[in-house]
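Sequence lines set the chain letters: A, B, ... in the order given, protein chains first and strands last, and positions in each chain run from 1.
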Protein chains: 2
Amino acid sequence: MISKRQEEILKVIVEEYIKSAKPVGSESICNNMKCSSATVRNEMAELEDMGFLEKTHISSGRVPSEKGYRYYVDSLMKPKNMSGEEMLKLQTIFKNTELDLNDVITRSIEIISEITAYTSVVLGNSSSEKLKKVEVIPLNDVDLVAIVVTDKGHTENKKITLSRIDINDIKKMVDLINELLVGTPIDEVSSKLEFEIKPVIGKYVKQHEMIYNAFYNAFSDFAKSSSSCYFAGKTNILKQPEFNDSDKIRNIINKFEDKNIVDNIEETNNGINIYIGSESKLDNDVTVIKTKYDTEDGEGTIAIIGPKRMEYSKVVSLLEYIKKEIER
Amino acid sequence: MISKRQEEILKVIVEEYIKSAKPVGSESICNNMKCSSATVRNEMAELEDMGFLEKTHISSGRVPSEKGYRYYVDSLMKPKNMSGEEMLKLQTIFKNTELDLNDVITRSIEIISEITAYTSVVLGNSSSEKLKKVEVIPLNDVDLVAIVVTDKGHTENKKITLSRIDINDIKKMVDLINELLVGTPIDEVSSKLEFEIKPVIGKYVKQHEMIYNAFYNAFSDFAKSSSSCYFAGKTNILKQPEFNDSDKIRNIINKFEDKNIVDNIEETNNGINIYIGSESKLDNDVTVIKTKYDTEDGEGTIAIIGPKRMEYSKVVSLLEYIKKEIER
DNA sequence: TTTAGCATTGTCAATAGTTGAGTGCTAAAA
DNA sequence: TTTTAGCACTCAACTATTGACAATGCTAAA
């Protein structure tokens, strides 16, 4: 089992390494402690045996391992109060009643990125939105736009080109959807279309198959593109000394461009979640700290991406604060 | 004035440097020529005096300067035929009649990025689109969505929150816009709204000022966000050896994220335009080759971004081919 | 005008020496 | 039994130093 003093040493090492990004030696630690460097060395050797610390090479100082960070985060970290200045910046945004929720969130993660120098992401998850109305606007003889509106006011549109099809058939289909599917959560619309509209459509509409397909595609597209994704300080993380290698930079940037980042980040349970290194599924050198927020206008995820060596306590406090404010 | 032989030497140096990315020495050139390395050296010295070549250090081979590339591009370059394989890939896309124009363009720049290993961008420029219809859909007592549709089928929407305003007043405003402004180019709608709608609106609508403002904002937003921007192979250019420095990479990525890239790239006259190094306004180490396309469905710009040392003749041929195909 | 020859210049990669931070171990002190 | 001082050892990082090499510029001869 890990002793009280070992805990203390681990804590100092993690916090020192977060500050300096350089391996921490026994000498520099024993200033803050009431024992000599030799004792610290013995304890460090034991912490290393237990897997909490690592060495970059045989005669270097120690660096926290993933397990070390994990222990720090779970058991040693103390919440850090934010400085007055940072508080103030965030408060001015939350107090500005003119901004709508989306803007507030966007602005606040911009500020987080600014004060932490990490990268922030919001994933707006609109899966809980419901269909409000479908509208069709003819553009010319063959083209028309189908517009889908949700109860939160989001819209999506799809251009449909239909030759040899009666505009009145389209209108009937639209009426049918508006009559039967309004109020359906947007991600269920496709399946309801399949089971509730498709069976009855044949009665009213001649070339039902083609029209049905066009709308089916429109709704599928909507469900796909409905989760928004906004980055702030996208290149901040590249400024961290651990990303001085151009291969690593390319790798991270590619990951950011990749659509799947959304999926990787999105699965979150309640509270503040911390994924260190390999746990992050993004890159072994980064930590992702994220939280879900839940408001009347929908739910979403805010994530902060930084080096493993990130200021855990500060970021956690920030996220807790922002989550609380958004949910009000 | 530059002599025939100097031209030939310049051409060999540019092409050799494009291939190898290493400074070119006199020895390696004189194989391809009917004079000795010493003669070549003399000519090279003169080319350097005239500003067409540069040295990385006193005893290195020569590298083309911006002026050198420019001369090469303007006077020496011969169009290069594409290889059969590359042709084929592009043709299969252009022949696929199921894809709509946007998809064709997107897919084809993806292929360009793949075969050239540079970065490609399309900027859809919808400034020529015309207003087709304005539609308003109430969400609840106070919120409504205004939807703007253009003749090309693009839509934009804006959520408007209006307390203490009669829904019928809104409807009147919408009818007025649909009656008077349909067919107006989208970037002129704002000013027409000012001069044609505003003066008459007071007669029909009680709280006209507020409603007017809401619509004015909606249209301004639309004009702003109407130019789309799609990248392919965003990180390709970072693979070039000249971008092995992490500062440079960060710089380029930042430029790519910056919205202003659109403005910088968009101003293009007809034909194929080549902007070398500082001319590109993007970064001194890159070349941007771009062209405008013009179809019934709107115009746009395709740009290829690579190192200054890029395969000019190949890229130019590719762009010419694609422009021609798109415009059909 | 062209070319051969040669001294000159700077890069690059390999080598060796030096320094300094940090460790592990041992034996003495608490 | 625990802690500490001391010392030998290790390794990375830095600094010359060196020689091989690739080009160059210049000069004098072809």
*For A:S313, check side chain to side chain contact (heavy atoms under 4.5 Å, CB included) against everything at least two apart and list the hits.*
A:M77, A:K80

*Over 60° means perpendicular and under 30° means parallel, so classify the ring planes of A:Y312 and A:Y72, tilted if in between.*
perpendicular

*asked:* What I want to check is whether the side chains of B:E66 and B:S278 have a donor and an acceptor closer together than 3.5 Å.
replied: yes

*Does any donor atom in the side chain of B:S120 or B:S113 lie under 3.5 Å from an acceptor atom in the other side chain?*
yes

*asked:* I want to check a possible cation-pi pair here: A:K290 against A:Y275, using under 6.0 Å from ring centre and within 45° of the ring axis as the test.
replied: yes

*Within 45° of the six-membered ring axis of A:F231 and under 6.0 Å from that ring's centre, is NZ or CZ of A:K234 located there?*
yes

Review item, nucleotides 13-15 of chain C N/O atoms under 3.5 Å of protein N/O:
none

_Under 4.0 Å from a heavy atom of chain A: give me the 5'-most and 3'-most nucleotides of DNA chain D that qualify._
D:dT3 to D:dA12

_Helix axis bend for the helix from C:dT1-D:dA30 to C:dA30-D:dT1 - C1'-based end axes, five pairs, 10° rounding_ = 20°

*asked:* Does B:E114 form a salt bridge (charged side-chain N to carboxylate O under 4.0 Å, His left out) with B:K89? I'd like the steps, not just the answer.
replied: CA-CA 11 Å; B:E114 194 185 307; B:K89 276 193 185 168; 2.8 Å; yes

_Toward the 5' end of DNA chain C, by each residue's nearest nucleotide, B:S36 or B:T56_ = B:S36

*Charged N to carboxylate O below 4.0 Å: is that the case for A:E8 and A:K11?*
no

*asked:* With a 4.0 Å cut-off on N to O distance, would you call B:E279 and B:R70 a salt bridge?
replied: yes

Would you give me the side-chain donor-acceptor pairs under 3.5 Å for residues 45-54 of chain A, sequence neighbours excluded?
from	atom 1	to	atom 2	distance (Å)
A:E46	OE2	A:Q6	NE2	3.4
A:E48	OE1	A:R62	NE	3.0
A:E48	OE1	A:R62	NH2	2.9

*Apply side chain to side chain donor-acceptor pair (under 3.5 Å) to the pair B:Y71 and B:E7, showing each step before the final yes or no.*
CA-CA 9 Å; B:Y71 191 86; B:E7 280 191 343; 2.5 Å; yes

Distances under 3.5 Å between protein N/O atoms and the N/O atoms of nucleotides 20-24 of chain C, please, pair by pair.
from	atom 1	to	atom 2	distance (Å)
C:dG22	O3'	A:S60	O	3.4
C:dT23	OP1	A:R62	NH1	3.3
C:dT23	OP2	A:S26	N	3.2
C:dT23	OP2	A:S26	OG	2.6
C:dG24	OP1	A:K55	NZ	3.0
C:dG24	OP1	A:R62	NH2	3.2
C:dG24	N7	A:R41	NE	3.2
C:dG24	O6	A:R41	NH2	3.2

_Steps toward salt bridge (charged side-chain N to carboxylate O under 4.0 Å, His left out) verdict (A:K248, A:E242)_ = CA-CA 9 Å; A:K248 272 198 190 137; A:E242 34 269 90; over 6 Å; no

